[in-house]
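Letters A, B, ... are given to chains in the order of the sequence lines, protein chains preceding strands, and every chain is numbered from 1.
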Protein chains: 2
Amino acid sequence: MTDINHLMDPAPARAAGPAATPAPDQTFVELIELFFFAYRDFVGDPDEILTPFGFGRAHHRVLHFVNRNPGMRVTELLDILRITKQSLGRVLRELVDEGFVDSRAGASDRRQRLLYPTAKGEALARDFVAIQSRRIAGALSECGPGAEEAARRFLVAMIDREDRAAVERLVQRAQAARAPSA
Amino acid sequence: MTDINHLMDPAPARAAGPAATPAPDQTFVELIELFFFAYRDFVGDPDEILTPFGFGRAHHRVLHFVNRNPGMRVTELLDILRITKQSLGRVLRELVDEGFVDSRAGASDRRQRLLYPTAKGEALARDFVAIQSRRIAGALSECGPGAEEAARRFLVAMIDREDRAAVERLVQRAQAARAPSA
DNA sequence: GAAAAAAGTCAACATGACTGACATAAATCA
DNA sequence: TGATTTATGTCAGTCATGTTGACTTTTTTC
């Protein structure tokens, strides 16, 4: 499906283009477009899992980060997703109502709502990670040794400089603590 | 702005993580999240350019591909973007109405509408490429030699296998005009 | 001359963003 | 204590962008 092959048929050689186009400064057009296509397929993977639940990509993102950071506060989630609390509200409510996320008042600060994945939520989040990991594993094995480290460094370097430290720590705290300490 | 740093306060060192969680199958959670954050910043770049024109990201995508493939047919554009013609219709009409894209009947097949960027459209598309290229150039230079080729191969490998050939040809078409293929 | 193809359009609807205003409970400050 | 701030939630309306389905016009092809 999704054949863009006929695009290639006549291949109207644009060779006769004007000389002004090449712009010697910085044109990484190929990478720009590859990034677009790669990400499109990458985020499309969870769709088939989402659909039966009546969930969308917003639910995926929320559940993913809640699962990765059990006990996180709502404000933290908002900062990660960079959406408004009204936007988050609807999606989060559905996840809570349908038993994928648990929202408990904080022990030390009872204003806070700490978010935890339920067993059901953990299972679904695992499915998301599994399907996207499958794609990544395939890609990396095609690229040979060193590809994982290269990909990681490239992606980190693509992130806004002022956010990198925070993102890296967020990303790496994964396998560690799972205790509802907070 | 957008500080997720407070998320890091406790920063549970992942070194001491238990061996149980890591799930030996395939969990590339770090790369999954880095891809998310990197792409978010990457597509956010054109926003500042878009806003003054009252355009959105859909306009960016359409103008970008029209500019890269002058004279492309509407159907080809639909196949690249993978949206319906009704969705494309609105965005394309605005781009045509405001003089960024030119829509001309095909010479050989007069049913076709061939899409061309106007001078104004070309200039705007160049701005988009420039700002995103700037980010990529910075990232690659941080990663050292070989990073560009590594990034390109990784991104291609992340694309659905059945689309890769078409995407690669599409992506490299513009370059073909500038330099004989390697 | 009939059928198929390329494109455009109308209408209705879904998702996931947004702003603005306001409510409530709990913590903190003076 | 009382006032203020903080964390969260919610109502209401809007916008951007996607979807289906039905239908038209023009032009090409069989």
If the threshold is 4.0 Å, N to carboxylate O, is there a salt bridge linking B:Arg82 and A:Asp41? yes
What's A:Arg93 touching, base or sugar-phosphate or nothing? Going by heavy atoms closer than 4.0 Å. sugar-phosphate
Contact string for nucleotides 22-27 of chain D, one letter per nucleotide 5' to 3', B = base within protein heavy-atom range under 4.0 Å, S = sugar-phosphate only, - = neither, reads B---BB
How many Å lie between CG on B:Leu95 and C1' on D:dA16, as a whole number? 14 Å
Rounded to the nearest angstrom, tell me the gap between atom CG in B:Asp47 and atom P in D:dA16. 13 Å
B:Phe55 atom CZ is separated from D:dT17 atom P, nearest whole Å, by 10 Å
Output the rounded distance in Å from CG (A:Leu92) to P (D:dA7). 17 Å
Classify the nucleic acid contact of A:Gly89 as base, sugar-phosphate or nothing, counting any heavy atom under 4.0 Å across all strands shown. nothing
Under a 4.5 Å cut-off applied to non-hydrogen side-chain atoms, are B:Phe37 and A:Asp163 in contact? no
Nearest-angstrom distance from the residue atom CZ of B:Arg57 to C1' of D:dG18: 15 Å
So among A:Ile136, A:Val129, A:Ile131, which one has a side-chain contact (heavy atoms from CB on, under 4.5 Å) with A:Ser133? A:Val129
B:Gln112 vs A:Ser87, nearer the 5' end of DNA chain C by closest nucleotide: B:Gln112
Going 5' to 3' on DNA chain C, which nucleotide is the first and which the last to come under 4.0 Å of a heavy atom in chain A? C:dG16 to C:dA27
Are A:Arg135 and A:Phe42 in a cation-pi contact, defined as NZ or CZ under 6.0 Å from the six-membered ring centre and within 45° of the axis? no
Check: A:Phe128 ring centroid to A:His60 ring centroid under 6.0 Å: yes
Could you give the NE2-to-C1' distance, from B:His60 to D:dA16, as a whole number of Å? 16 Å
Who are the salt bridge (Lys or Arg N to Asp or Glu O under 4.0 Å) partners of A:Arg152, not counting sequence neighbours? A:Glu148, A:Glu149, B:Glu30
